[in-house]
There are 2 protein chains.
Amino acid sequence: MNVGEVAALAGVTVRTLHHYDRIGLLQPSGRTAAGYRQYSPADLDRLHQVLLYRELGFPLEEVATLLDDPSADPAEHLRRQHRLLRDRLERTSAMVAAVEKEMEARAMGISLTPEERFEVFGDWLPEEYAAEAEEKWGGTDAWAQSQQRTRAMSKDDWLRVKAESDDVEARFAAALRSGVPADSEQAMDLAEEHRQQISRNFYDCSPEMHAGLGRMYVEDERFTAYYERVAPGLAQYVSTAVQANAARHA
Amino acid sequence: MNVGEVAALAGVTVRTLHHYDRIGLLQPSGRTAAGYRQYSPADLDRLHQVLLYRELGFPLEEVATLLDDPSADPAEHLRRQHRLLRDRLERTSAMVAAVEKEMEARAMGISLTPEERFEVFGDWLPEEYAAEAEEKWGGTDAWAQSQQRTRAMSKDDWLRVKAESDDVEARFAAALRSGVPADSEQAMDLAEEHRQQISRNFYDCSPEMHAGLGRMYVEDERFTAYYERVAPGLAQYVSTAVQANAARHA
DNA sequence: GCTTGACCCTGACGCGACGTCAGGCCCGAC
DNA sequence: GTCGGGCCTGACGTCGCGTCAGGGTCAAGC
């Protein structure tokens, strides 16, 4: 195969293959009389490895040493790639969860601290700054800001949305008071209503996402506090109902 | 907050913040008399957005236009980020699955085509090259190569491993012949043995991974063919048993 | 009040991984 | 034989910073 074909197959540009050739990362095993690069199956194999490691963020030079290490068999590469990909999967889900949390916080008018927001990034040097920064501007105008931001919605819209969610919360509280089990059909129906309300007014909320939110309601104190202010025990109640409802939809 | 603190909090270098300042992507809202950069909570907020979009692969200039677009409220950013992150999650799982498939193919001595290997990369221009390249060197020495590669294992080791898996396959076939249901305890025990064999000899194979392999045995014709050669109906049988076993372990 | 060490500033150059011409050769189809 | 598409080799440009160099700032301790 010549460069153009390989490039098309692998989804890279010809220039990239030229580059890999020049830096010695992937030298085609042959050339035609006219000097055309000729790639063998083994070359493609190597290219595949290169692209995987590149995708995983390795600098090309390191990729070269990895692949040229004679003491590393292909199975070892696969195991390493597998491990790294799973790490990445985990990190990405953490980021997804963080974004979902932020969305829900906005919807409920709760504002997160900067520390939390950055949590999913750096390579976490914890405490240290946490306390210090908390001091520095823990109780500023964050709420007002958050409120103001939601002003993609008009004030009327916002009031309507607020009324809607107040309504569901009140009915949740009533169910809790009258002893309706949190995993009963009635409670699950309320949860479903809650989910659809979020989807309509804020962001598309799948049952799985909703279950995640449910867990958060009891794990994050601010969300807990939000519901506990409506009625004691409500956070746990809503959490259970929401998760039961998600299980029902699975 | 001054640069050092922000950098530590966000997990970036001071130089990065300098850079973002100069290109106008994130200009701190204030300076001290001595010229020290002073970052406000709103600045941190913006930095957070910047880092998210950057992580998602946007060039900084585009990030700036996104964030400066006055017609885009924060909720829209969250929705977009959420969407992009889920795409990424999907792509990463696809890559994980591809690596697992490759590992299993190696373990079973099956070799994949280059097209398949690259499938998870490019932005897929399908057919077109597929047929052509298949022609070009569909039936080369790939098998021999693959065998040779596994020579991180000595020949003796390989024979032992092969004997082990032949044994389990034979017992699967026997169970199938004597009418033992594929989701019976007996079949699941065989599946579990299969899983542990893989883990011992090739790579750490969780029940979920094993279930994925099980699906592949009936979805990919080459894996199907492998088992069908041992006994007709065995691919489906093993697949069912493996998935049942995985469900039992969940 | 003065030193000291940690932190901050602004250039300015360097680098990795290519993108993007420019100028020219090659090759199969008509 | 010529024409369009593909290939070649420089060589310069770009993006997102890393890495000094040379110099001011700030709080702590003496």
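Letters A, B, ... are given to chains in the order of the sequence lines, protein chains preceding strands, and every chain is numbered from 1.
- Atom P of nucleotide D:dT9 and atom CG of A:D21 are separated by 7 Å, given to the nearest angstrom.
- Close to C:dG19, at under 4.0 Å from its OP1 or OP2, lies a side-chain N or O of A:T16.
- Taking every side-chain heavy atom of B:H19 into account, D:dG16 is the closest of D:dG16, D:dC7, C:dA17.
- One can place CG of A:L26 at 15 Å from P of C:dA17, the figure rounded to the nearest angstrom.
- Residue A:R22 contributes atom CZ, which lies 13 Å from atom C1' of D:dC12 at whole-angstrom precision.
- A salt bridge does not link A:K101 with A:E219: none of the charged nitrogens is closer than 4.0 Å to a carboxylate oxygen.
- With contacts defined as side-chain heavy-atom distances shorter than 4.5 Å, the pair B:E104/B:Y217 qualifies.
- Atom-to-atom, OH of A:Y36 to P of C:dC26 comes out at 8 Å; the value is rounded to the nearest Å.
- Straight-line distance from the CG atom of A:N2 to the P atom of C:dG28: 11 Å, rounded to whole Å.
- Atom CZ of B:R79 sits in a crowded spot, with more than 12 heavy atoms from other residues, nucleotides or ligands closer than 6.0 Å.
- Counting only Watson-Crick or G-U wobble pairs whose defining distances are both under 3.5 Å, the stems of 3 or more consecutive pairs in DNA chain D are C:1-30 with D:1-30.
- No side-chain donor-acceptor contact under 3.5 Å links A:N2 to the backbone of A:Q38.
- For the pair B:R15 CZ and D:dC17 P, the interatomic distance rounds to 9 Å; values are reported in whole Å.
- Close to D:dC8, at under 4.0 Å from its OP1 or OP2, lies a side-chain N or O of A:H18.
- What you find for A:V242 and A:G214 is that their closest heavy atoms are CG1-CA, 4.0 Å.
- Toward the 5′ end of DNA chain D lies the nearest nucleotide of B:I23, the other residue of the pair B:A33 and B:I23 mapping further downstream.
- Distance A:R37 CZ to D:dT9 C1': 9 Å, rounded to the nearest Å.
- By the neighbour-count criterion of 12 heavy atoms within 6.0 Å, atom CD of B:Q196 is densely surrounded, having more than that number from other residues, nucleotides or ligands.
- Counting non-hydrogen atoms under 4.0 angstrom, B:R31 reaches the backbone sugars and phosphates but no base.
- For B:S93 (side chain) and B:L89 (main-chain N/O), a donor-acceptor pair under 3.5 Å exists by modelled atom type.
- Near DNA chain C, meaning a heavy atom under 4.0 Å from it, residues 51-62 of chain A has A:R54, A:P59, A:L60 in order of number.
- Contact record, B:L52 with B:Q81: CD1-OE1, 3.5 Å, taken as the closest heavy-atom pair.
- Counting non-hydrogen atoms of neighbouring residues, nucleotides and ligands closer than 6.0 angstrom, the CD atom of B:E61 reaches no more than 12 such neighbours.
- Between the P atom of C:dC8 and the CG atom of B:L17 lies a distance of 10 Å, rounded to the nearest Å.
- Taking side-chain N and O atoms only, B:T13 has a distance below 4.0 Å to OP1 or OP2 of D:dG18.
- For A:E62, the CD atom counts as densely surrounded, since its 6.0 Å shell holds more than 12 non-hydrogen atoms of other residues, nucleotides or ligands.
- The base of D:dG16 is not paired with the side chain of B:Y20 by any donor and acceptor separated by under 3.5 Å.
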